[in-house]
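Right, one structure below, let's go through it.
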Amino acid sequence: MKKLTMLCCSLVCVACGGLKKNTVSYQMAKYDASVYYVVAGEGTTKPDAAANALEMMKQELAEHTPKAAGTQVVDDLLANAKVEKVWRDKSVNEKHYFALAVLPREKATLTLAPLLNQADAQLTGLARQFAEPADPLADLKIAYKMKPIIERRAALDDLYQFAQADRAGYMPENFAPYKTLFKEKMAAVLVGVEVVGVESEVLVTYVVDALNKMGLGVVEAADPEQVMSVQIKTEVDNYSSKKVNGLIWCSSAAAISLTDAQRGITFARFNVYDRAGTSRLSDSMRRSMQGVGEQAAQQIVTRLENYLKSK
């Protein structure tokens with residue numbers, strides 16, 4: 001009886017072991033996660049399972065690759081991946097297969113490091129071109145050249161961190177000074193903002209927020225150190241609806257001028273309009289001016305950026 005009990009236990013262990021070895025988690029556990037990046041796929045045939053594993057790996061890499069890095073880098077990484085394991089799922093009656101796509105993390109590093117080094121070298125070259133003493137407008141042109149490189153470098157680093165088991169970035173001590181320098185050069189271009197007229201405080205919020213997102217410094221209109229000037233005059237008109245009783249329409253407008261304060265040149269003049277209707281005059285006025293603010297901010301950013309890049 002004792003021998004029979006031991007035999008039964010052995011058979012149970014073998015059966016459990018066989019079932020365990022058939023799982024994706026068991027097969028993936030065979031790979032050292034600090035050395036390999038492994039993704040599973042499945043299909044009704046071995047080729048389908050293998051192709052799906054590679055496709056799943058591509059999707060995961062793409063999800064962790066910002067657009068600034070480009071799509072080619074994902075394909076370059078995937079070129080180093082191989083399908084090293086394909087097996088049948090014996091727990092179901094129909095034919096069903098699993099596969100593992102395996103990417104050695106060292107090969108991912110060897111693929112990404114040269115691209116990151118190239119970006120750092122480009123940033124070094126541009127940083128050397130900044131004027132001594134500093135010239136806000138001249139330096140800004142160089143900063144704009146740095147911007148896409150900084151964005152690409154940051155995007156590549158995001159992918160690099162994802163490919164590393166410890167999620168460590170690539171030589172952050174090299175990249176950090178350039179990010180700081182870029183922000184300083186952008187912020188050194190001071191923009192004086194003056195908005196007068198009805199509901200002007202609503203429009204000011206949109207304009208200042210847009211300039212801050214550009215990275216430019218914003219100062220009072222009277223600041224003598226301003227490099228650029230934004231002048232806005234607002235007007236509002238309201239009237240009751242002839243078709244809907246109690247509906248009050250409000251039309252808002254803004255006349256905008258953009259000036260190079262250093263050269264004394266007004267390089268852009270334009271107007272924006274919007275209207276809104278509610279049962280309350282104050283709400284109609286606020287909503288219409290918000291629409292004007294959104295339009296004004298968008299056009300100011302576009303026109304100001306185009307001018308600064310060309311000067």
Side-chain angles (χ1 to χ4, degrees), residues 24-25 27-41 49-86 99-130 139-187 213-215 309:
V24 171
S25 58
Q27 296 296 338
M28 291 183 71
K30 292 182 178 181
Y31 293 87
D32 185 346
S34 66
V35 180
Y36 300 100
Y37 168 51
V38 184
V39 176
N52 286 337
L54 289 171
E55 181 60 28
M56 290 300 295
M57 176 174 283
K58 183 175 183 178
Q59 289 181 18
E60 286 194 10
L61 291 172
E63 287 174 1
H64 292 82
T65 307
K67 291 182 179 179
T71 57
Q72 183 59 47
V73 66
V74 173
D75 292 333
D76 291 342
L77 284 180
L78 205 63
N80 295 296
K82 293 182 180 180
V83 176
E84 295 190 354
K85 180 73 175 179
V86 181
L100 298 182
V102 182
L103 172 64
R105 296 187 186 277
E106 184 179 6
K107 288 188 176 181
T109 299
L110 293 174
T111 300
L112 294 172
L115 300 176
L116 290 157
N117 289 336
Q118 181 184 47
D120 286 342
Q122 291 173 324
L123 292 173
T124 299
L126 287 171
R128 290 171 179 165
Q129 298 178 29
F130 285 123
D139 287 350
L140 187 64
K141 288 186 66 176
I142 300 169
Y144 272 124
K145 293 180 181 179
M146 293 177 71
K147 185 177 180 181
I149 302 173
I150 287 176
E151 291 174 347
R152 175 170 166 76
R153 210 288 190 183
L156 288 170
D157 193 53
D158 283 351
L159 180 56
Y160 181 90
Q161 291 181 48
F162 176 71
Q164 303 306 302
D166 59 0
R167 296 296 190 263
Y170 183 77
M171 301 181 71
E173 67 278 4
N174 287 356
F175 186 38
Y178 296 118
K179 290 192 293 183
T180 300
L181 185 60
F182 170 76
K183 290 180 180 179
E184 289 175 349
K185 294 301 182 181
M186 293 293 293
K213 287 181 179 178
M214 285 181 70
K309 285 182 178 179

### Query
Does any N or O in the side chain of Asp139 come within less than 3.5 Å of the main-chain N or O of Phe130, such that one atom is a donor and the other an acceptor?
no
### Query
Are more than 12 heavy atoms from other residues, nucleotides or ligands located less than 6.0 Å from atom CZ of Arg128?
no
Quick check for you: to the nearest 0.5 Å, what is the distance between [X] atom [atom1] and [Y] atom [atom2]?
| X | Y | atom1 | atom2 | result |
| --- | --- | --- | --- | --- |
| Arg152 | Leu156 | CZ | CG | 4.5 Å |
| Glu63 | Thr65 | CD | OG1 | 9.5 Å |
| Glu106 | Tyr36 | CD | OH | 9.5 Å |
| Leu123 | Leu181 | CG | CG | 9.5 Å |
| Leu77 | Leu112 | CG | CG | 4.5 Å |
| Asn117 | Arg153 | CG | CZ | 8.0 Å |

I want to check something: taking the side chain as every heavy atom from C-beta on, are [X] and [Y] in contact at a cut-off of under 4.5 Å?
| X | Y | result |
| --- | --- | --- |
| Phe162 | Tyr37 | yes |
| Tyr144 | Met186 | yes |
| Met171 | Leu116 | no |

Exercise: identify the closest heavy-atom pair between [X] and [Y]:
| X | Y | value |
| --- | --- | --- |
| Lys141 | Lys309 | CE-O, 3.7 Å |
| Leu100 | Met28 | CD2-CG, 3.6 Å |
| Leu103 | Ala108 | CD2-CB, 4.3 Å |
| Tyr178 | Ile150 | O-CD1, 3.9 Å |
| Phe182 | Met146 | CD1-CB, 4.4 Å |
| Arg105 | Gln164 | NH1-C, 3.7 Å |

### Task
Let me see the working for Phe175 and Asp157 under side-chain contact (heavy atoms from CB on, under 4.5 Å), right down to the final yes or no.
CA-CA 10 Å; Phe175 186 38; Asp157 193 53; 5.7 Å; no
